[in-house]
Colleague: 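My structure is below; once you've seen it, I'll send some questions.
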Amino acid sequence: MPLKTVICIGMAGSGKTTFMQRLNSKLHAEKMPPYVVQLDPAVLKVPYGANIDIRDAVNYKKVMQNYNLGPNGAIVTSLNLFSTKIDQVIRLVEQKKDKFEHCIIDTPGQIECFVWSASGSIITESFASTFPTVIAYIVDTPRNSSPTTFMSNMLYACSILYKTKLPMIVVFNKTDVCKADFAREWMTDFEAFQAALRADQESNGETSMGSGYMGSLVNSMSLMLEEFYSQLDMVGVSSFTGEGFDEFLQAVDNKVDEYETYYKAERERILKQKQEKEAENKKKSLTHLMKDLGLQEGETGAAKTSRNDDDSADVLSDLEPDEDDGIVLRDEEEAPEREYTFAGDERLGGEVNAQSAPALQERYERALEQVAKSASSRTAENIARYIQG
Ligand SMILES: Nc1nc2c(ncn2[C@@H]2O[C@H](COP(=O)(O)OP(=O)(O)OP(=O)(O)O)[C@@H](O)[C@H]2O)c(=O)[nH]1
């Protein structure tokens, strides 16, 4: 079986880490240990052994101090720094793809820091374009037993599905406290959900949702969600007792098949479209540049220089590398001192060194600028290539 990636995403406190711990031990018990990636830079302790841990690459506290950032800003910046090395991470996982069947990824508790950040997209895209990838959206079942909270959470899951364009499994965690049957019913029976909503509103003393603006909003949202539910699998699990994990692993296999038949083709189509658009933009920029330099197609800068030395000298001096533009070509010996390393490089079987944080930050920002300029969201691979270049 080819290696598949499971990215665990969920609201703070939904039980992602505990879920990862249980999944890890379950897979170990079944003699197919997973490759584990931990992406929360702010966590103090994790209850499982990670093959790659973001905390070995980026020092969260230093990021906070050096960039004068608050907790969430520092998480995003740490992820940005880490994402500049995503090509190396992917290479490491690729080297191990014959040894492992699953690569499981834990994400930061602050869901928006991962889902809505550029680096979160880069990391997700990089894995998804290399391995079959599934999103496990972890839901705190007891906290979602109210229909309005449930609907809000499902809308969030829906936005993640449309943002990542990856197969999704909604994992109702903590079923030892509260069974997930109600969720299954609400997701399959529109009328049951409507009835629960009505009962909830009435018990809160609110006017009936069957009438007015509120009623039609709730109705159309529930209808939209019905369409969304048809695209995903749901499982109820307890990370405490281990209940439901067989069903979860089965759901992952089903989603991998779906990924191969539908999502992969769709991703390839989008990627091709992007590449064509990029090539077109590149061609346009080149034509503009040639026009600005007063060159004809096939003519070189040198030929032009010999014809009109004074003008071209002015233009070319503008094109020379500028010390202030952040990209300074260095000899190997002058390369910036390496500050962060992934601990246990030998254990990972490959060298993963990151350059100093400020230099990486600069390069990362330039990469993003470049993306914004070309007005198309490049794939992580392109960004990584740009950074390396
Ligand atoms: N009863 C019960 N509690 C659980 C289960 N899974 C997690 N918890 C509890 O839920 C709380 C949050 O769990 P975590 O695993 O830290 O959640 P998280 O989503 O990783 O949290 P952050 O990363 O801080 O957002 C902890 O107190 C866990 O003990 C479960 O299956 N059953």
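Counting convention: from 1, in listed order, for ligands and their atoms alike. Note that the structure is a prediction, hence the values are computed from the model and not measured.
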Colleague: Taking only heavy atoms of Ser238 into account, list the atoms of ligand 1 that are under 4.0 Å away from them.
Modeller: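 Contacts of ligand 1 toward Ser238, numbered from 1: 31 (O).
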Colleague: Where do Glu280 and Lys283 land on the salt bridge (charged side-chain N to carboxylate O under 4.0 Å, His left out) test, with the steps shown first?
Modeller: CA-CA 5 Å; Glu280 206 179 292; Lys283 207 174 157 198; over 6 Å; no
Colleague: Could you find the nearest protein heavy atom to atom 12 (C) of ligand 1 and give me its residue, atom name and distance?
Modeller: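 Going atom by atom, the protein heavy atom closest to atom 12 (C) of ligand 1 ends up being Gly13 O, 3.6 Å.
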Colleague: Suppose we measure from atom 6 (N) of ligand 1 to each protein heavy atom; which comes out shortest, and what is that distance?
Modeller: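 Here the nearest protein heavy atom works out to Asn173 ND2, 3.3 Å.
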Colleague: For ligand 1, which atoms sit closer than 4.0 Å to a heavy atom of Val177?
Modeller: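 In order of numbering, the contacting atoms are 1 (N).
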Colleague: For ligand 1, is there an N or O atom under 3.5 Å from any N or O atom of Thr175?
Modeller: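 No; every N/O pair is 3.5 Å or more apart.
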Colleague: List every atom of ligand 1 that sits less than 4.0 Å from any heavy atom of Asp176, numbering the atoms from 1 in the order shown and giving each element.
Modeller: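 Taking each heavy atom of Asp176 in turn, ligand 1 has 1 (N), 2 (C), 30 (C), 31 (O), 32 (N) under 4.0 Å.
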Colleague: Using a distance-only test with no angle check, is there a side-chain donor-acceptor pair under 3.5 angstrom linking Ser119 and Asn80?
Modeller: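 Yes, because at least one side-chain N or O of Ser119 sits under 3.5 Å from a partner of the opposite role on Asn80.
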Colleague: For atom 17 (O) of ligand 1, decide whether some protein heavy-atom distance is shorter than 4.0 Å.
Modeller: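 It does; a protein heavy atom is within 4.0 Å.
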Colleague: Would you say Thr149 and Asn144 are linked by a side-chain donor-acceptor pair, where the criterion is simply a distance under 3.5 Å?
Modeller: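 Per modelled atom types, Asn144 and Thr149 side chains form no pair under 3.5 Å.
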Colleague: How far is atom 23 (O) of ligand 1 from the closest protein heavy atom, and which atom is that?
Modeller: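 Its nearest protein heavy-atom neighbour is Gly109 CA, 3.6 Å.
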Colleague: Is it the case that atom NZ in Lys282 sees more than 12 heavy atoms from other parts of the structure closer than 6.0 Å?
Modeller: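 No, not enclosed.
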Colleague: Indicate, with yes or no, if the rings of Phe172 and Tyr137 have centres closer together than 6.0 Å.
Modeller: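 No, too far apart.
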Colleague: Could you go through the salt bridge (charged side-chain N to carboxylate O under 4.0 Å, His left out) check for Lys4 and Asp253 one step at a time?
Modeller: CA-CA 9 Å; Lys4 51 212 155 207; Asp253 287 342; 2.9 Å; yes
Colleague: Counting each atom of ligand 1 from 1 as listed, which ones have a heavy atom of Thr18 under 4.0 Å away?
Modeller: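 Listed by number with element, the hits are 6 (N), 7 (C), 13 (O), 14 (P), 15 (O), 28 (C).
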Colleague: Does any donor atom in the side chain of Asn254 or Gln250 lie under 3.5 Å from an acceptor atom in the other side chain?
Modeller: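 There is such a pair between these side chains.
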Colleague: List the closest protein heavy-atom neighbour of atom 8 (N) of ligand 1: residue, atom name, distance to the nearest 0.1 Å.
Modeller: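 Result: Lys174 CE, 3.6 Å.
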Colleague: Which part of Asp106 is near ligand 1, with near meaning a heavy atom under 4.0 Å away: side chain, backbone, both or neither?
Modeller: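 The answer is neither.
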Colleague: Just jot down the ligand 1 atoms closer than 4.0 angstrom to any heavy atom of Ala12, in number order.
Modeller: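 Those of ligand 1 that fall under 4.0 Å from Ala12 are 25 (O).
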Colleague: Return yes or no for this condition: an N or O of Phe240 is under 3.5 Å from an N or O of ligand 1.
Modeller: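 It does: an N or O of Phe240 is found under 3.5 Å from an N or O of ligand 1.
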Colleague: Does ligand 1 have any atom that is closer than 4.0 Å to a heavy atom of Ser14?
Modeller: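 Under 4.0 Å: yes for Ser14.
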Colleague: Compute the centroid of each ring, for Phe182 and then for Phe193, and state whether the two points are separated by less than 6.0 Å.
Modeller: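 No; Phe193 has its ring centre 6.0 Å or more from that of Phe182.
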Colleague: What residue and heavy atom of the protein are closest to atom 20 (O) of ligand 1, and at what distance?
Modeller: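 Closest protein heavy atom to atom 20 (O) of ligand 1: Thr17 OG1, 2.6 Å.
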Colleague: Nearest protein heavy-atom contact for atom 31 (O) of ligand 1: which residue, which atom, what distance?
Modeller: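 Sorting protein heavy atoms by distance from atom 31 (O) of ligand 1 puts Ser239 N, 2.8 Å first.
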Colleague: Determine, step by step, whether Arg55 and Asp40 satisfy the salt bridge (charged side-chain N to carboxylate O under 4.0 Å, His left out) criterion, reporting the C-alpha distance in whole Å, the side-chain angles of both residues, the deciding distance to 0.1 Å, and the verdict.
Modeller: CA-CA 8 Å; Arg55 293 172 304 163; Asp40 190 346; over 6 Å; no
Colleague: For the CD atom on Glu191, are there more than 12 heavy atoms of other groups (residues, nucleotides or ligands in this structure) within a distance under 6.0 Å?
Modeller: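 Atom CD in Glu191 is not crowded, with 12 or fewer foreign heavy atoms closer than 6.0 Å.
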